[in-house]
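Because the structure is a prediction, the values reported are computed rather than measured. Naming: A, B, ... by sequence-line order, numbering from 1 per chain.
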Number of protein chains: 4
Amino acid sequence: MRQTIIGVMGPGDKASQADLKLAGELGRLIAEKKWTLLTGGRSEGVMDAASKAAKQAGGQTIGVLPFKTFDQTQVSPWVDFVILTGMEEARNLINVLTSDVVLVCGMGSGTASEVALALKTERPVVLVAPDPQVARFFASLGDPKIASDAEHAIQIVTNLLR
Amino acid sequence: MRQTIIGVMGPGDKASQADLKLAGELGRLIAEKKWTLLTGGRSEGVMDAASKAAKQAGGQTIGVLPFKTFDQTQVSPWVDFVILTGMEEARNLINVLTSDVVLVCGMGSGTASEVALALKTERPVVLVAPDPQVARFFASLGDPKIASDAEHAIQIVTNLLR
Amino acid sequence: MRQTIIGVMGPGDKASQADLKLAGELGRLIAEKKWTLLTGGRSEGVMDAASKAAKQAGGQTIGVLPFKTFDQTQVSPWVDFVILTGMEEARNLINVLTSDVVLVCGMGSGTASEVALALKTERPVVLVAPDPQVARFFASLGDPKIASDAEHAIQIVTNLLR
Amino acid sequence: MRQTIIGVMGPGDKASQADLKLAGELGRLIAEKKWTLLTGGRSEGVMDAASKAAKQAGGQTIGVLPFKTFDQTQVSPWVDFVILTGMEEARNLINVLTSDVVLVCGMGSGTASEVALALKTERPVVLVAPDPQVARFFASLGDPKIASDAEHAIQIVTNLLR
């Protein structure tokens with residue numbers, strides 16, 4: 001009965017238009033594969049865009065929030081299962097440990113901590129269309145996979161889950 | 001889209017037959033109400049019994065585990081969404097914060113910490129058919145509700161969710 | 001070089017005069033033994049009273065705070081080492097795991113969660129001059145020691161540390 | 001009474017000889033300034049080297065460990081205050097939040113998560129003699145300071161603490 005959970009990590013309010021578009025594609029493809037999407041659950045950026053697309057494609061979504069209490073202005077309305085941790089950025093570890101594969105879409109300090117934690121805890125992590133500098137940096141710390149686009153990322157996940 | 005999440009907390013390997021029976025009734029009734037069940041997710045005791053009954057009644061189940069990695073001998077096979085925290089008993093706080101209402105079935109040291117945290121963080125908590133000493137102790141710390149049986153507990157939850 | 005760390009747990013703003021007096025005695029005696037005092041570190045109740053007495057007796061004090069940032073109105077001025085966790089009540093687990101022995105002075109929901117976690121994780125815990133109902137409840141969950149007063153508590157700790 | 005706490009973060013078993021030498025210099029200089037050293041507390045790499053040097057220079061040391069129980073083979077013998085979190089890499093957030101300034105010596109996946117969390121939570125972070133690629137990466141995420149060597153790092157800390 002255990003569901004496959006695929007994490008999509010990326011920036012919040014600093015996400016670029018390209019990040020949001022890519023997050024939407026990943027969310028949609030994850031839902032089409034019948035995997036469950038996991039994000040940081042906030043109502044902005046990559047978290048919100050991926051969750052929205054997954055829901056619109058009929059999928060299920062988990063959000064692991066840093067907050068102690070539910071505030072509908074801060075939690076994405078596209079999250080089905082709102083996990084309230086009260087643990088601030090320590091929840092980033094939960095995001096990583098809970099995801100069968102971590103997909104990374106855009107970059108920022110919170111996202112970087114998640115990629116680093118994924119490499120540290122040996123969770124498979126896929127950088128999707130990364131900036132070359134980002135790809136080089138994380139390749140110096142471990143073995144992230146690199147995907148050229150959303151379709152490629154999903155193909156890599158499919159192989160990893162076999 | 002946010003799902004209502006009802007927690008059922010109780011002992012693991014030290015659960016009594018009465019605890020397991022009650023956990024099963026709670027799991028079934030929660031599923032029949034279309035609420036999502038949340039437990040500590042381990043493969044024993046109240047966690048496992050409630051999850052099994054919820055799944056058999058067509059519901060959805062979340063397990064918030066203390067572990068860092070998935071071990072199928074330690075995680076209930078009746079859990080759909082396996083949240084791996086790597087945070088040992090600190091995950092008890094997440095159980096409490098994430099549950100719209102916390103139902104308590106049986107007692108032990110881990111369960112007591114969850115009831116205490118629920119009272120501390122002002123989450124509604126319902127002691128189901130508690131031992132009188134247990135009920136008196138927690139009534140001295142806050143305002144737990146008391147239910148005489150599973151049906152009564154669900155009635156209290158229904159009122160609390162209004 | 002490892003220092004012996006003795007935790008003193010008890011209520012914050014709801015501490016009684018008797019709790020505060022007892023906390024002060026415990027803090028002083030811990031310092032006189034050259035042990036390091038650990039508390040929840042906030043600027044009120046048992047945490048503050050024990051820390052103040054330990055410092056006035058020449059001891060060292062650790063406070064493990066639930067907060068993410070330092071706010072001098074909320075942190076006891078008698079804490080030497082301010083550990084900021086950003087993890088709300090999940091820090092209660094750290095208090096318990098870090099203490100060689102946990103001394104309990106007064107009762108409330110947060111304190112109850114710490115006693116329960118200490119029993120769960122098999123840390124030695126001493127209830128100092130507890131209410132009989134409190135003592136009976138926790139004796140039903142595990143094996144807390146009972147001390148009649150501060151001197152007795154310190155004697156028990158001395159024996160446990162041997 | 002609050003002590004100034006300076007964190008030194010860096011690799012464990014993968015630390016280079018240069019990392020260890022630099023960690024020792026930082027530990028010694030921190031102790032000479034009468035600041036308290038904070039590390040991840042394990043018995044290897046930068047954590048151990050910095051703690052050893054700080055103790056040999058008469059300083060005080062805190063170790064925030066990922067472990068639930070004390071194991072003397074895994075905890076540096078140069079740590080005075082052993083904080084046991086039971087929270088695996090989630091303790092990295094505590095390292096960062098508790099440090100008045102975070103000094104970074106060498107790089108690895110765990111260390112990268114700490115730098116990223118420091119930038120995310122707006123703690124001052126100083127990269128000491130970083131690889132140029134590392135410096136460029138983190139400069140793209142926030143505003144880390146760059147020190148050319150240990151003395152320079154301490155000078156930067158002194159200015160930040162003013």
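When only modelled atom types and interatomic distance are considered, Asp48(B) and Ser51(B) share no side-chain donor-acceptor pair under 3.5 Å.
Rounding to the nearest 0.5 Å places CD of Glu114(B) at 6.0 Å from OG1 of Thr111(B).
Closest heavy-atom contact between Arg28(B) and Ala53(B): N-CB, 3.8 Å. Taking each heavy atom of Ala15(B) and Gly45(B) in turn, the nearest pair found is CB-CA, 4.0 Å.
Close approach to chain D, defined as a heavy atom under 4.5 Å from one of its heavy atoms, is seen in no residue of residues 118-157 of chain B. Contact annotation for residues 79-109 of chain D against chain B (heavy-atom separation below 4.5 Å, listed by residue number): Gly86(D), Met87(D), Glu88(D), Glu89(D), Ala90(D).
For the pair Leu20(B)/Gln17(B), a side-chain contact is recorded, criterion being any heavy-atom separation below 4.5 Å from C-beta on. Residues Val46(D) and Met9(D) fail the side-chain proximity criterion, which asks for heavy atoms closer than 4.5 Å.
Contacts of Lys21(D) classified as side-chain hydrogen bond (donor to acceptor under 3.5 Å, both in side chains), with partners at least two apart in sequence or in another chain: Glu25(D).
Side-chain N or O atoms of Ser43(D) include one that pairs as donor or acceptor with a backbone N or O of Thr73(D) at under 3.5 Å.
Screening residues 101-130 of chain B for ring-ring contact (aromatic ring centres under 6.0 Å, His included) gives no qualifying pairs among residues at least two apart or on separate chains.
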